[in-house]
Trainee: 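Before we start, here is the structure in question, set down as structure tokens.
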Amino acid sequence: MSLPHQVVSPAEWLEARKALLVKEKELTRLSDEIAKQRRALPWEEVTKDYVFDGPNGKETLSDLFKDKSQLIVYHFMFGPDSEAGCTGCSFLGDHHNGTDIHLEQRDTTWVAISRAPYEKLAKYKERMGWTWKWVSADGNGFPEDMNVSFSDPPTGNEIYNYQTLKSIAPDLPGLSVFFKDKETGKIYHTYSTYARGADVLLGTNQALDFTPKGRDDEQFGPNKLSWVRRHDEYGNEGDCCSSTAW
């Protein structure tokens, strides 16, 4: 049986590896520079009084910060009529378990927000074994203002990932960041990313990128996450609800 790849001498392997290392270092430096530019983006003040429903009852956006000045919000696809959370969002949710304690050391709180009633979120969270906080924005307008929830049926003028789309799902994923001035209590929206913008949080994919086969997802066409299942559903038929609109 022949190996499906070129096999070389140790010296040739080292030469090729060092050549790639140059490019990897360039990518690291570019990523650092983009992160610097991201932090330098202007902010916009949040003036609406959003109220959410969660494990502590009714909470405002300010409450979600706890005693921190930074808040990361993951816009989790789980609509009011759904019985389970999006498979792709659940994939990301698995990767966040256990990281809250680390983020809190850097003055940062994480919360997931969905439109489904809190009772549904709590039931699904228990099923998945997640420990991070999840609150419901059902009816408060927050997902719509963050451009992750849309009219059903769509009007054809919905804006997602900073562009207008003619066809779109009622809910799509994203990640938004907020800063609170502890002296004034004012809250600012500092950043939002959508579609593949949060891919970096999918540690499974990052790990697979180190392997010879990589993510091995070309076979799935435009929907690269169609192989993903909820972690208690592998072996079952189905399809990840991630969309090519991402």
Side-chain angles (χ1 to χ4, degrees), residues 35 38-39 41-80 85-86 88-104 106-118 120-122 124-125 128 130-150 159-162 169-182 185-202 242 246:
R38 183 183 299 122
R39 294 192 296 271
L41 284 171
W43 299 351
E44 61 176 349
E45 185 176 352
V46 178
T47 56
K48 290 188 178 180
D49 296 322
Y50 299 105
V51 178
F52 303 88
D53 189 18
N56 300 322
K58 300 296 183 182
E59 292 186 282
T60 64
L61 182 62
S62 180
D63 292 331
L64 299 182
F65 283 81
K66 299 196 292 188
D67 62 343
K68 311 305 179 186
S69 65
Q70 299 185 133
L71 174 67
I72 298 174
V73 170
Y74 181 64
H75 303 288
F76 195 116
M77 294 171 62
F78 196 153
C86 160
C89 293
S90 299
F91 184 44
L92 189 145
D94 286 342
H95 289 83
H96 183 65
N97 240 21
T99 64
D100 279 340
I101 187 63
H102 303 294
L103 289 173
E104 289 172 358
R106 307 313 303 154
D107 193 28
T108 303
T109 299
W110 162 291
V111 65
I113 297 179
S114 301
R115 290 195 304 128
Y118 176 67
K120 285 188 175 183
L121 304 183
Y124 186 64
K125 177 183 173 181
M128 293 289 101
W130 294 328
T131 58
W132 38 262
K133 189 170 184 176
W134 200 355
V135 298
S136 171
D138 190 15
N140 74 1
F142 181 78
E144 291 81 1
D145 291 344
M146 292 292 104
N147 295 314
V148 292
S149 182
F150 312 95
I159 296 177
Y160 180 69
N161 201 19
Y162 306 103
D171 295 275
L172 285 174
L175 182 145
S176 295
V177 182
F178 301 87
F179 181 87
K180 182 168 73 170
D181 184 327
K182 293 183 179 180
K186 290 184 177 181
I187 297 174
Y188 302 91
H189 175 214
T190 69
Y191 181 76
S192 282
T193 189
Y194 308 94
R196 293 191 62 186
D199 268 11
V200 67
L201 300 180
L202 297 175
S242 64
W246 293 31

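Computation of the quantities below employed the complete heavy-atom set of this structure, encompassing side-chain atoms and omitting hydrogens, waters and symmetry-equivalent molecules.
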Trainee: Between atom CG of D49 and atom CD1 of I187, what is the distance when rounded to the nearest 0.5 Å?
Mentor: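 D49 atom CG to I187 atom CD1 measures 9.0 Å (nearest 0.5 Å).
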
Trainee: Roughly how far, to the nearest 0.5 Å, is CD of Q70 from CD of E104?
Mentor: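 These two atoms lie 12.5 Å from each other.
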
Trainee: I need the K133 NZ to K66 NZ distance, nearest 0.5 Å.
Mentor: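 Answer rounded to 0.5 Å: 7.0 Å.
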
Trainee: To check you understand the geometry: which heavy-atom pair defines the closest contact between D107 and K182, and what is its length?
Mentor: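 Shortest heavy-atom separation between D107 and K182 comes out as OD1-NZ, 3.8 Å.
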
Trainee: Measuring from atom CG of L202 to atom CG of L92, what distance do you get when rounded to the nearest 0.5 angstrom?
Mentor: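 Answer rounded to 0.5 Å: 5.0 Å.
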
Trainee: Taking the six-membered ring for Trp, is the centroid-to-centroid distance between Y162 and Y194 below 6.0 Å?
Mentor: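 That pair passes the under 6.0 Å test.
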
Trainee: What distance do N147 atom CG and L172 atom CG have between them, rounded to the nearest 0.5 Å?
Mentor: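 One finds 10.5 Å between CG of N147 and CG of L172.
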
Trainee: What residues form a ring-ring contact (aromatic ring centres under 6.0 Å, His included) with Y191, not counting sequence neighbours?
Mentor: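 ring-ring contact (aromatic ring centres under 6.0 Å, His included) check on Y191 returns nothing, list empty.
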
Trainee: Give the C-alpha distance, both sets of side-chain angles, the deciding distance and a yes or no for side-chain hydrogen bond (donor to acceptor under 3.5 Å, both in side chains) between T99 and H102.
Mentor: CA-CA 5 Å; T99 64; H102 303 294; over 6 Å; no

Trainee: Please work out which of the three classes, parallel, tilted or perpendicular, describes the rings of F78 and Y124, given edges at 30° and 60°.
Mentor: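 Rings of Y124 and F78: perpendicular, over 60°.
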
Trainee: How about L71 and S176: do any of their side-chain heavy atoms sit closer than 4.5 Å?
Mentor: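 Sidechains of S176 and L71: no contact.
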
Trainee: Tell me, do R115 and P170 make a side-chain contact under 4.5 Å, heavy atoms counted?
Mentor: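 The answer is yes, as the side chains (C-beta and beyond) meet within the 4.5 Å cut-off.
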
Trainee: So, the side chain of N140 versus the backbone of Y50: is there a donor-acceptor pair under 3.5 Å, distance only?
Mentor: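 Looks like no, no N/O pair under 3.5 Å.
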
Trainee: Can you name the nearest heavy-atom pair linking A198 to T193, along with the distance?
Mentor: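 Looking at all heavy atoms of both residues, the shortest contact is N-CG2, 4.3 Å.
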
Trainee: W134 vs W132 aromatic rings, parallel, tilted or perpendicular, using cut-offs 30° and 60°?
Mentor: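 Tilted.
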
Trainee: What orientation do F179 and W43 show, parallel under 30°, tilted 30 to 60°, or perpendicular over 60°?
Mentor: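 Ring orientation, 0 to 90° scale: tilted.
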
Trainee: I'd like to know if the side chain of T131 reaches the main chain of N97, judged simply by a donor and an acceptor atom lying under 3.5 Å from each other, with no hydrogens or angles considered.
Mentor: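 The answer is no, because no donor-acceptor pair under 3.5 Å joins these two groups.
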
Trainee: Search all heavy atoms of W130 against all heavy atoms of S90 and return the closest pair with its distance.
Mentor: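 The answer is CZ2-O, 3.5 Å.
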
Trainee: Take D145 and V46 through the side-chain contact (heavy atoms from CB on, under 4.5 Å) test and state the conclusion after the steps.
Mentor: CA-CA 10 Å; D145 291 344; V46 178; over 6 Å; no

Trainee: Which heavy atom of A116 sits nearest a heavy atom of S136, and at what distance?
Mentor: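 For A116 versus S136, the nearest heavy atoms are O-OG, 2.7 Å.
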
Trainee: Kindly give the heavy-atom pair with the smallest separation between R106 and T108, and that separation in Å.
Mentor: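 Looks like O-OG1, 3.0 Å.
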
Trainee: Taking it one step at a time, do L201 and L175 satisfy side-chain contact (heavy atoms from CB on, under 4.5 Å)?
Mentor: CA-CA 10 Å; L201 300 180; L175 182 145; 3.5 Å; yes

Trainee: Hey, mind stepping through D138 and D53 against side-chain contact (heavy atoms from CB on, under 4.5 Å) and telling me if it holds?
Mentor: CA-CA 8 Å; D138 190 15; D53 189 18; over 6 Å; no

Trainee: Using a 4.5 Å cut-off on heavy atoms from C-beta on, say whether the side chain of P143 contacts that of H75.
Mentor: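 They are not in side-chain contact.
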
Trainee: What's the spacing between F76 CZ and D171 CG if we round to 0.5 Å?
Mentor: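 F76 atom CZ to D171 atom CG measures 11.0 Å (nearest 0.5 Å).
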
Trainee: Taking K58 for its side chain and V51 for its backbone only, find out whether a donor-acceptor pair lies under 3.5 Å.
Mentor: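 The answer is no, because no donor-acceptor pair under 3.5 Å joins these two groups.
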
Trainee: Yes or no on side-chain contact (heavy atoms from CB on, under 4.5 Å) for E45 and D181, after CA distance, side-chain angles and deciding distance?
Mentor: CA-CA 11 Å; E45 185 176 352; D181 184 327; over 6 Å; no

Trainee: In terms of the angle between their ring planes, are F142 and F52 parallel, tilted or perpendicular, with boundaries placed at 30° and 60°?
Mentor: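 F142 and F52: perpendicular rings.
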
Trainee: How close do K68 and T109 get, counting heavy atoms only, and between which atoms?
Mentor: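 Nearest pair, atom of K68 first, then T109: CG-OG1, 3.1 Å.
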
